[in-house]
K.L.:
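Take this structure first; my questions come after.
In each ligand, atom 1 is the first atom listed, and ligand 1 is the first ligand listed.
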Amino acid sequence: MATAEDPVKKAEIDQPLLERHKKPVCLIVLGMAGSGKTTFVQQLTGLLHMKKKAPYVINLDPACREVPYPVNIDIRDTVNYKEVMKQYSLGPNGGIVTSLNLFATKFDQVIKLIEKKSENTEIAIFDTPGQIEVFTWSASGSIISETLGALFPTVVVYVIDTVRSVSPVTFMSNMLYACSILYKLRLPFIIVMNKIDVVSHKFALEWMKDFEMFEEAVERDKSHHANLSRSLSLTLDEFYKDITTVGFSAVTGEGFEEFLAAVDAAVVEYETEYCPEHDRLLKLQAEARTKDKDRQKKKFQHDFDNDMKKIELVRNHSTTFWKNRRRSNSRNRINLLVHHEQNIGEIVFVRYIKRCEFD
Ligand SMILES: Nc1nc2c(ncn2[C@@H]2O[C@H](COP(=O)(O)OP(=O)(O)OP(=O)(O)O)[C@@H](O)[C@H]2O)c(=O)[nH]1
């Protein structure tokens, strides 16, 4: 398991973030309802302000009553969640999904605003709805995360309620969810074990580092899910190795510096792993498109040649016909032939235009 204090990563992040990147680092804050996302964003915003590094804050939760931090862009200014529910006859979750989808259609404007601020903004923070699946498994969530990932160094911050995770089963469920989000969004990932002012997150670090310690905890837990947790934990071993975990208290601000170091390390990962992979995929897509175009071009050429043969045949036939035609009883046949010639002429014309497009 990697922590922000790893010497290799620390060496790579000696240079301050702002000097390496002109664009802000985008933090997408996700987490189960009640994990403390909003309090975390509030604390983070306050601490960054104190450091004279005011973040650009975007609220993506259309259903929240109030936002307890200074917000630069608020989804509620663009979409009226209650109106959406009424207009489309939706329940609360459907209303949130549809509101986020409507907002995603205007996401290019958000990008423009962030770019405008890029000169003197280091960090942009996105607070997301409590119904985590609304963001992670919706089209709008993919659009937003992919757009950000393509333009700015983007990091997913997954907030976990440490107090509730002392139970191995809850801990395992949370980790499985984190793992599924990582594979869905494929962006650098930081786990924030929140509420460490109540319970230290050391037990979680130990469970992630040492499988036997987790197994002991599972043995103590009499839950009927214990066996499943044990085998899943082995599966998650690989996931733990690549993930950065920091303890944080959204109430006291403890863990702030460690979190910033983790963000810096995640940006290095974005540059060294995410960007090359992203470019590789784009290249593959471009190659596939070229191949498809070549295939269509060949097929077109084949059809075009066949048409030319057909028209030549009709032309020869009609020349003979016109030569031998007799005036009586031939009007319909003449009309048919003219019509046929016109049709083939149109096909050839359309194909000719298409060939010009190919070239
Ligand atoms: N002691 C303690 N309480 C916290 C901390 N972070 C959040 N809380 C409390 O946890 C509760 C939930 O916090 P929120 O910030 O509303 O959680 P959320 O994830 O935004 O919730 P949703 O908007 O429902 O998704 C609140 O009562 C907070 O005061 C923390 O670090 N320590």
K.L.:
One residue to check: M32. Relative to ligand 1, which of side chain, backbone, both or neither has a non-hydrogen atom less than 4.0 Å away?
P.N.:
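The part of M32 near ligand 1 is the backbone, not the side chain.
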K.L.:
Quick one: look up the protein heavy atom nearest atom 26 (C) of ligand 1 and list residue, atom name and how far away it is.
P.N.:
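Closest protein heavy atom to atom 26 (C) of ligand 1: T39 OG1, 4.6 Å.
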K.L.:
Which part of T38 is near ligand 1, with near meaning a heavy atom under 4.0 Å away: side chain, backbone, both or neither?
P.N.:
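The answer is both.
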K.L.:
Using the ring of each side chain (for Trp, its six-membered ring), is F248 parallel, tilted or perpendicular to F259, with breaks at 30° and 60°?
P.N.:
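Rings of F248 and F259: perpendicular, as their planes differ by over 60°.
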K.L.:
Note the single closest protein heavy atom to atom 22 (P) of ligand 1, along with its residue, its atom name and the distance in Å.
P.N.:
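Here the closest protein heavy atom is G34 N, 3.8 Å.
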K.L.:
Say whether, by atom type as modelled, one donor and one acceptor occur between the side chain of Q42 and the main chain of P68 under 3.5 angstrom.
P.N.:
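Here the side-chain-to-backbone pair exists.
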K.L.:
Between D303 and K299, is the closest basic N to carboxylate O distance under 4.0 Å?
P.N.:
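D303 and K299: salt-bridged.
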K.L.:
Under a 3.5 Å distance rule, please check whether R76 uses its side chain to pair with a backbone N or O of C64 as donor and acceptor.
P.N.:
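Yes; at least one donor-acceptor contact below 3.5 Å.
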K.L.:
So, is F248 polar-close to ligand 1, with some N/O to N/O distance under 3.5 Å?
P.N.:
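No, since none of the N or O atoms of F248 sits under 3.5 Å from an N or O of ligand 1.
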K.L.:
What protein heavy atom lies closest to atom 2 (C) of ligand 1? Include the residue and the distance to one decimal.
P.N.:
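Looking only at protein heavy atoms, the one closest to atom 2 (C) of ligand 1 is V251 CG2, 3.4 Å.
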K.L.:
What protein heavy atom lies closest to atom 25 (O) of ligand 1? Include the residue and the distance to one decimal.
P.N.:
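In this structure, atom 25 (O) of ligand 1 has K37 NZ, 2.7 Å as its nearest protein heavy atom.
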K.L.:
Between K37 (side chain) and V29 (backbone), is there a donor-acceptor pair under 3.5 Å?
P.N.:
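A pair under 3.5 Å: no.
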K.L.:
Any atoms of ligand 1 less than 4.0 Å from a non-hydrogen atom of S249? List them with their elements.
P.N.:
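Those of ligand 1 that fall under 4.0 Å from S249 are 31 (O).
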K.L.:
What atoms of ligand 1 come within less than 4.0 Å of a heavy atom belonging to G130?
P.N.:
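Taking each heavy atom of G130 in turn, ligand 1 has 25 (O) under 4.0 Å.
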K.L.:
Taking salt bridge (charged side-chain N to carboxylate O under 4.0 Å, His left out) as the definition, give me every residue that meets it alongside K195, ordered by chain and number, with sequence neighbours left out.
P.N.:
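Result, salt bridge (charged side-chain N to carboxylate O under 4.0 Å, His left out) vs K195: D161.
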K.L.:
How many angstroms lie between CG in L100 and CG in D61, if you round to the nearest 0.5 Å?
P.N.:
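Spacing of CG (L100) from CG (D61) equals 9.0 Å.
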K.L.:
Among all protein heavy atoms, pick the one closest to atom 1 (N) of ligand 1 and tell me residue, atom and distance.
P.N.:
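Going atom by atom, the protein heavy atom closest to atom 1 (N) of ligand 1 ends up being D197 OD2, 3.0 Å.
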K.L.:
Quick check against the 3.5 Å criterion: does T121 have a side-chain atom that pairs as donor or acceptor with the backbone of S118?
P.N.:
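Checking the backbone N and O of S118 against the side chain of T121, no donor-acceptor pair under 3.5 Å is found.
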K.L.:
Relative to each other, are the rings of F214 and W207 parallel, tilted or perpendicular (30° and 60° limits)?
P.N.:
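Taking W207 first and then F214, their aromatic rings stand perpendicular (interplane angle over 60°).
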K.L.:
Just to check, does G31 reach to within less than 4.0 Å of ligand 1 when the distance is taken from its heavy atoms?
P.N.:
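No heavy atom of G31 comes that close to ligand 1.
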K.L.:
Nearest to atom 31 (O) of ligand 1, what protein heavy atom do you find, and at what distance?
P.N.:
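In this structure, atom 31 (O) of ligand 1 has A250 N, 2.7 Å as its nearest protein heavy atom.
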K.L.:
Please list the nearest protein heavy atom to atom 8 (N) of ligand 1 with its residue and the distance rounded to 0.1 Å.
P.N.:
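For atom 8 (N) of ligand 1, the nearest protein heavy atom is K195 CE, 3.7 Å.
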K.L.:
Report the nearest protein non-hydrogen atom to atom 6 (N) of ligand 1: residue, atom name, distance rounded to 0.1 Å.
P.N.:
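Its nearest protein heavy-atom neighbour is N194 ND2, 3.1 Å.
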K.L.:
Can K112 and E115 be counted as an ion pair, charged N to O under 4.0 angstrom?
P.N.:
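Answer for the salt bridge query: no.
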K.L.:
Distance under 4.0 Å to a non-hydrogen atom of V198: what atoms of ligand 1 satisfy this?
P.N.:
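Matching atoms, with element in brackets: 1 (N).
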